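Written below as structure tokens is the structure these notes are about.
Side chains are part of it too, since the values below use all heavy atoms of this structure and drop only hydrogens, waters and symmetry mates. Numbers for residues simply follow the sequence, beginning at 1. Predicted model, so just to flag it, every value in this text is computed and none were measured.
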Amino acid sequence: MSVKKFQNSIGSNGWYYSMSDKVLPSKKLEGKLSVDYVVVGGGFVGVAATRRLAELAPNASILLIDATKIGLGTSGRCSGFIIDTPHKGDLLTDDTKIHSRAFKINRKGINWMEGIIKKEGIDCDWQKAGKFQVAASNRGESFLKGYKRMLENTNEEHRVLEKHELYSIMGTQHYRSAVFTPNCILMQPAAYLNGMVKAFPKNVMVFEDALVEDLKIGPDSVTLKTVNAHIQCKKVVLSVNVFSREFGYFKNRIVPVVTYASMTNPLTQDQQELYTGTYGWGLTSADKGGTTLRMTTDKRLVIRNHYTHNPNYKVSCKFIKKIRQQHSEGLKKRYPHLKDLKIAHSWGGVCAVSRNFGFFAGELAKNVFSALGHNGVGGARGSIAGKSLAEKIVIGESEDLELLSQAHMPCWNPPEPLLSIGIAARMAMDRFKSRDEL
């Protein structure tokens with residue numbers, strides 16, 4: 001197997017470039033190495049798996065390698081919501097068992113992450129701020145009713161807010177109504193990932209800018225090659241999500257979809273005086289095709305909407321400029337009174353999407369483990385998945401992995417060009433239907 005494609009430098013990741021400090025490797029990955037475990041990819045799954053492996057096997061040698069910088073990949077490009085509620089695909093069903101399982105999985109992930117953050121003193125603006133599920137149109141309100149019904153059926157705490165209440169919190173008249181759930185976490189994802197790396201036990205080595213170009217499975221070991229290194233290990237955690245396709249896995253089950261976000265400069269003093277809301281909140285649209293919005297504690301607005309199917313993972317600079325303009329217009333629609341609101345960063349992140357919103361966590365091949373297809377809850381579900389994979393590797397079993405394995409496997413896709421034609425048509429239709437929520 002030879003990896004041919006990799007792309008995760010889409011635009012300028014605001015979370016990464018707004019960090020006050022960055023983690024850089026102390027040495028270059030080169031030569032021949034023999035270690036016990038290798039984790040490929042330093043996102044949510046990867047840092048969780050690495051941490052748990054080091055805890056369970058303190059005498060083992062562990063290597064975490066990333067093709068780019070820690071925090072610059074897809075996990076560091078999310079909107080910073082660590083969601084505890086059912087989300088995206090989990091909301092397409094009325095099955096309360098699926099909803100209850102989603103709550104359980106997501107909260108296990110949140111609790112584990114929070115425990116590490118408190119223990120290690122990781123500074124990532126971790127806050128139990130809750131989440132607003134909002135509606136700005138008739139279509140949005142119809143989805144919101146279904147979301148509220150799901151919370152009632154699972155006996156989950158929530159609160160309904162009307163337009164005037166939302167204005168006092170968010171400083172915008174744009175939204176008609178919302179349902180607030182109190183247990184969602186908001187945080188700075190790139191800072192979290194780098195903080196986790198800083199706090200790794202001493203038996204972990206971390207290298208950035210080390211793209212794995214080849215992976216071979218032997219009878220009792222796995223061999224990986226980068227440009228300058230040849231690595232042999234007992235077991236591998238392949239935490240690369242959609243790029244698993246380039247290693248030969250799930251090629252016909254998942255597709256790369258890029259979602260886009262922009263981040264403003266911190267509000268100026270004049271803008272703060274015009275802004276009538278609070279700081280440190282986040283909202284997602286009840287309409288899955290709508291807009292995600294955050295006001296950070298350091299007074300930046302982060303907006304995310306629009307998505308595209310990108311089989312080669314590539315997005316042009318011209319298209320990023322187009323997205324930046326769309327996001328600017330979306331902010332002006334919500335905050336017309338905040339004059340000269342400037343976007344500082346616009347970026348895209350490559351996600352793995354399956355037609356049935358399926359998820360996988362387990363052993364891909366002999367001595368190769370992976371978790372992918374997180375469907376919008378990568379922070380919580382990816383973290384508990386990474387932890388669980390490590391437990392499976394070292395202990396031989398994991399209660400949480402058994403819970404994760406109850407989810408649907410990503411289903412097969414139709415062949416090309418039918419797949420791309422179908423995806424393009426579906427996305428165009430979703431954008432049209434959700435236009436009032438953008």
Quiz item: So, the side chain of Ser75 versus the backbone of Phe44: is there a donor-acceptor pair under 3.5 Å, distance only?
Solution: yes

Quiz prompt | Ion pair check, Glu55 and Arg52, cut-off under 4.0 Å | solution = yes

Quiz item: Does any donor atom in the side chain of Glu141 or Ser177 lie under 3.5 Å from an acceptor atom in the other side chain?
Solution: yes

Practice problem: Answer yes or no: is there a side-chain heavy-atom contact under 4.5 Å between Lys392 and Glu363? | Solution: no

Self-check item: Approximate separation, where rounding is to 0.5 Å, of Met170 CE and Arg294 CZ
Solution: 13.0 Å

Quiz item: Can you tell if the side chain of Phe250 reaches within under 4.5 Å of the side chain of Leu372, non-hydrogen atoms only?
Solution: yes

Quiz item: Can you tell which of Val40, Thr50, Val38, Ile393 makes a side-chain contact (heavy atoms from CB on, under 4.5 Å) with Val237?
Solution: Ile393

Self-check item: Distance-only polar pair, side chains of Asn305 and Thr291, donor-acceptor under 3.5 Å
Solution: yes

Quiz item: Hey, does Lys148 have a side-chain heavy atom less than 4.5 Å from the side chain of His158?
Solution: yes

Quiz item: Can you check whether Thr85's main-chain N or O pairs, donor with acceptor, with Asn106's side chain at less than 3.5 Å?
Solution: yes

Quiz item: Do the charged groups of Glu156 and Arg107 touch, with an N to O distance under 4.0 Å?
Solution: yes

Quiz item: To the nearest 0.5 Å, how far apart are CH2 in Trp412 and CZ in Arg355?
Solution: 11.5 Å

Quiz item: Got a salt bridge between Asp430 and Lys288, using NZ or NE/NH1/NH2 to carboxylate O under 4.0 Å?
Solution: yes

Quiz item: Heavy atoms, side chains only, cut-off 4.5 Å: are Ile82 and Met187 in contact?
Solution: yes

Quiz item: Do you know which two heavy atoms are closest between Leu166 and Ala178, and how far apart they sit?
Solution: CD2-CB, 3.6 Å

Self-check item: Stepwise salt bridge (Lys or Arg N to Asp or Glu O under 4.0 Å) check, Arg139 with Asp436
Solution: CA-CA 8 Å; Arg139 176 179 164 86; Asp436 293 331; over 6 Å; no

Quiz item: If only atom types and distance count, is the side chain of Asp287 paired as donor or acceptor with the main-chain N or O of Gly289 below 3.5 Å?
Solution: yes

Quiz item: Do Glu246 and Tyr313 have side-chain atoms, one donor and one acceptor, less than 3.5 Å apart?
Solution: yes

Quiz item: If you measure only the distance, is there a donor-acceptor pair under 3.5 Å linking the side chains of Thr296 and Asp298?
Solution: yes

Quiz item: Which atom pair, heavy atoms only, marks the closest approach of Leu404 to Ala385?
Solution: CD1-CA, 3.6 Å

Exercise. Verify, without hydrogens or angle tests, whether Lys69 (side chain) and Asp209 (backbone) share a donor-acceptor contact under 3.5 angstrom.
Key: no

Practice problem: Answer with yes or no whether the side chains of Asn153 and Thr96 bring together a donor and an acceptor at under 3.5 Å. | Solution: no

Exercise. Check whether any side-chain heavy atom of Lys235 lies under 4.5 Å from a side-chain heavy atom of Ser221, and answer yes or no.
Key: no

Self-check item: Rounded distance [0.5 Å steps], NZ in Lys387 versus CD1 in Ile384
Solution: 4.5 Å

Self-check item: Sub-6.0 Å ring centroid separation between Phe360 and Tyr249
Solution: no

Self-check item: Ser354 side chain to Gly358 backbone, donor-acceptor under 3.5 Å
Solution: yes

Quiz item: Nearest 0.5 Å, what's the SG-CH2 distance between Cys78 and Trp15?
Solution: 8.0 Å

Practice problem: Might you work through the side chain to side chain contact (heavy atoms under 4.5 Å, CB included) test for Trp281 and Leu293, ending with a clear yes or no? | Solution: CA-CA 9 Å; Trp281 52 262; Leu293 189 68; 3.7 Å; yes

Practice problem: State whether the number of non-hydrogen atoms from other residues, nucleotides or ligands found under 6.0 Å of Arg426 atom CZ is greater than 12. | Solution: no

Quiz item: Quick check: does any side chain N or O of Ser79 sit under 3.5 Å from a backbone N or O of Phe81, one acting as donor and the other as acceptor?
Solution: no

Quiz prompt | Nearest atoms (heavy-atom pairs only) where Val134 meets Leu144 | solution = N-CD1, 4.4 Å

Quiz item: Roughly how far, to the nearest 0.5 Å, is the CD1 atom of Ile110 from the OG atom of Ser383?
Solution: 9.5 Å

Quiz item: Can you name the nearest heavy-atom pair linking Thr154 to Ser100, along with the distance?
Solution: CG2-OG, 4.0 Å

Quiz item: Is it the case that more than 12 heavy atoms not belonging to Glu397 sit under 6.0 Å from its CD atom?
Solution: no

Quiz item: With sequence neighbours excluded, what pairs up with Phe180 under the ring-ring contact (aromatic ring centres under 6.0 Å, His included) test?
Solution: Phe132

Quiz item: Checking Glu416 side chain against Ser420 main chain: does a donor-acceptor pair fall under 3.5 Å?
Solution: yes

Quiz item: Given the rule in the side-chain hydrogen bond (donor to acceptor under 3.5 Å, both in side chains) test, do Arg334 and Tyr175 qualify, once you have shown the distances and angles that lead to the verdict?
Solution: CA-CA 9 Å; Arg334 290 161 174 80; Tyr175 297 105; 2.8 Å; yes

Quiz prompt | Heavy-atom side-chain proximity of Glu213 to Val227 below 4.5 angstrom | solution = yes

Quiz item: With no hydrogens and no angle check, do the side chains of Asn183 and Lys128 hold a donor and an acceptor under 3.5 Å apart?
Solution: yes

Self-check item: Lys234, NZ atom: more than 12 neighbouring heavy atoms under 6.0 Å
Solution: no

Self-check item: Any donor-acceptor N/O pair, Asn194 side chain to Ile70 backbone, under 3.5 Å
Solution: yes

Quiz prompt | N/O donor-acceptor pair under 3.5 Å between Glu120 side chain and Ile122 backbone | solution = no

Exercise. State, yes or no, whether a side-chain contact exists between Ile343 and His327 at a heavy-atom distance under 4.5 Å.
Key: yes

Self-check item: Over all atoms of both residues, closest heavy-atom pair of Ile83 and Val377
Solution: CB-CG1, 4.0 Å

Practice problem: Output, in order, the C-alpha distance, side-chain angles, deciding distance and verdict of side chain to side chain contact (heavy atoms under 4.5 Å, CB included) for Ile217 and Asn367. | Solution: CA-CA 8 Å; Ile217 302 171; Asn367 297 321; 5.6 Å; no

Quiz item: Are Glu437 and Ser137 close enough that a side-chain donor and a side-chain acceptor fall under 3.5 Å?
Solution: yes

Practice problem: Return the minimal non-hydrogen interatomic distance between Met263 and Ser18, and the atom names on each side. | Solution: SD-OG, 4.4 Å

Quiz prompt | Check: Tyr16 and Arg77 side chains under 4.5 Å, non-hydrogen atoms | solution = no

Practice problem: Using the side chain to side chain contact (heavy atoms under 4.5 Å, CB included) rule, take His345 and Ser262 through it: C-alpha gap first, then chi angles, then the decisive distance, then the call. | Solution: CA-CA 5 Å; His345 302 278; Ser262 291; over 6 Å; no

Self-check item: Distance-only side-chain donor-acceptor flag, Thr308 / Asn310, under 3.5 Å
Solution: yes

Quiz item: Would Val39 and Ser239 count as a side chain to side chain contact (heavy atoms under 4.5 Å, CB included) if you check the C-alpha gap in whole Å, the side-chain angles of each, and the deciding distance to 0.1 Å?
Solution: CA-CA 7 Å; Val39 178; Ser239 52; 3.7 Å; yes

Exercise. Compute whether any side-chain donor of one residue and acceptor of the other, for Arg324 and Tyr260, lie under 3.5 angstrom apart.
Key: no

Quiz item: Roughly how far, to the nearest 0.5 Å, is OG of Ser370 from CG of Asn241?
Solution: 8.0 Å

Quiz item: Between the main-chain N or O of Ile320 and the side-chain N or O of Ser346, is there a donor-acceptor pair closer than 3.5 Å?
Solution: no

